[in-house]
Amino acid sequence: METVPTATAATAEDFSSSSSSTSPTAAISRWKYNVSRRYQHLLDKSVPHVLHRWVVCLAVVSIYAVRVYLVQGFYIITYGLGIYLLNLLMGFLSPQIDPEYSDGPTLPTRGSDEFRPFVRRLPEFKFWYCVTRSFCIGFVLTFFSAFDVPVFWPILLFYWLMLFTLTMRRQIMHMIKYRYVPFSLGKQVLLIYLAF
């Protein structure tokens, strides 16, 4: 019986066989493949280092903030980033299966219910990755004058704060209604201390 090579094996074979060809497109494809593998490897290695990842993210956000402050512009990009971050935050705080629209298993509401950890719609790693990537893209966009649209920034800030307040209020009401907390540290254990 003949075996069919997998997609990754076929891709690796394609790149190894194309090394003999000297076409520029083959060389570019090989380079892109190697860069994407290296990039994915670095991302995979960073998964367990939560604190270090968020420190890097904070550094990227700080660099972007300093750039916008020094240039005194690009408020539309900042507003767009704010809306995007609010959308990511809602995914991070929401359960994977919304109890409002689900007919399946629900979140535990009583102490006697079985413990089920909170599963996010947007996992922490993807949340970090999207935040960091969006600020990197925003930083690059600040070097193009086409994106520096003159606006009165206090109105954008006020509108974003109102949007944030209303969205978080709705999310908190959803949490209260379905009795879930998006931050769990594992199964809660009741400890009984006996005094002698």
Side-chain angles (χ1 to χ4, degrees), residues 28 31-32 35-36 38-102 107 117-185:
I28 291 172
W31 179 79
K32 282 173 47 177
V35 168
S36 68
R38 183 70 156 169
Y39 180 67
Q40 189 62 46
H41 177 71
L42 291 174
L43 280 179
D44 292 343
K45 283 178 62 173
S46 72
V47 169
H49 306 289
V50 178
L51 180 64
H52 295 100
R53 284 191 283 116
W54 283 103
V55 167
V56 168
C57 181
L58 184 63
V60 169
V61 170
S62 300
I63 290 169
Y64 174 80
V66 167
R67 168 80 177 147
V68 169
Y69 177 74
L70 292 177
V71 174
Q72 293 291 319
F74 299 99
Y75 301 120
I76 289 291
I77 293 174
T78 306
Y79 178 72
L81 279 172
I83 297 294
Y84 182 66
L85 292 179
L86 186 60
N87 185 27
L88 290 176
L89 182 64
M90 289 302 104
F92 183 70
L93 295 177
S94 300
Q96 186 176 21
I97 300 170
D98 193 351
E100 190 170 350
Y101 303 112
S102 172
L107 295 167
F118 183 79
V119 180
R120 302 177 188 287
R121 188 172 5 139
L122 182 66
E124 182 270 335
F125 181 80
K126 285 192 176 197
F127 180 61
W128 165 81
Y129 181 71
C130 290
V131 169
T132 307
R133 185 179 61 181
S134 65
F135 273 99
C136 288
I137 292 170
F139 180 75
V140 169
L141 290 179
T142 61
F143 290 99
F144 299 100
S145 61
F147 297 107
D148 191 12
V149 179
V151 293
F152 187 60
W153 66 266
I155 290 177
L156 289 179
L157 179 63
F158 177 74
Y159 184 65
W160 186 84
L161 288 173
M162 291 298 297
L163 202 61
F164 178 79
T165 304
L166 293 174
T167 307
M168 286 306 293
R169 180 174 166 216
R170 189 186 76 209
Q171 184 67 30
I172 290 170
M173 295 304 290
H174 190 267
M175 289 179 200
I176 291 170
K177 181 178 180 182
Y178 293 102
R179 296 183 184 152
Y180 67 91
V181 178
F183 306 103
S184 75
L185 301 174

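The model shown is predicted, which means the values in this text are computed figures rather than measured ones.
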Listed by chain and number, what are the ring pair (Phe, Tyr, Trp, His ring centres under 6.0 Å) partners of His41, not counting sequence neighbours? none
Please output the side-chain donor-acceptor pairs of residues 150-170 that fall under 3.5 Å, not counting sequence neighbours, one pair per line with the distance.
| residue | atom | partner | partner atom | Å |
| --- | --- | --- | --- | --- |
| Trp160 | NE1 | Gly82 | O | 3.0 |
| Thr165 | OG1 | Leu161 | O | 2.8 |
| Thr167 | OG1 | Leu163 | O | 2.7 |

Nearest non-hydrogen partners of Phe139 and Phe143, listed with the distance: O-CD1, 3.4 Å
For a quick test of reading the model, state the closest non-hydrogen atom pair linking Met175 to Leu93 and the distance between them. CE-CB, 4.2 Å
Donor-acceptor check, side chain of Arg120 to backbone of Phe92, threshold 3.5 angstrom: yes or no? yes
Applying side chain to side chain contact (heavy atoms under 4.5 Å, CB included), name anything that partners Leu88, two or more places apart in sequence or on another chain. Tyr84, Leu85, Leu122, Phe127, Cys130, Val131
Side-chain contact, heavy-atom cut-off 4.5 Å: Gln171 with Ser94? yes
Does anything in residues 40-56 pair up under salt bridge (Lys or Arg N to Asp or Glu O under 4.0 Å), and if so which pairs, sequence neighbours excluded? Arg53-Glu124
Quick one: ring pair (Phe, Tyr, Trp, His ring centres under 6.0 Å) partners of Tyr39, sequence neighbours excluded? none
Show me the donor-acceptor pairs, under 3.5 Å and distance only, between side chains in residues 55-79 and residues at least two apart or in other chains.
| residue | atom | partner | partner atom | Å |
| --- | --- | --- | --- | --- |
| Ser62 | OG | Leu58 | O | 2.8 |
| Tyr64 | OH | Thr78 | N | 3.4 |
| Tyr64 | OH | Thr78 | OG1 | 2.8 |
| Arg67 | NE | Thr142 | OG1 | 3.1 |
| Arg67 | NH2 | Thr142 | O | 2.9 |
| Gln72 | NE2 | Tyr69 | O | 2.6 |
| Thr78 | OG1 | Phe74 | O | 3.1 |

May I ask you to test the Leu43-Gln40 pair for a side-chain heavy-atom distance under 4.5 Å? yes
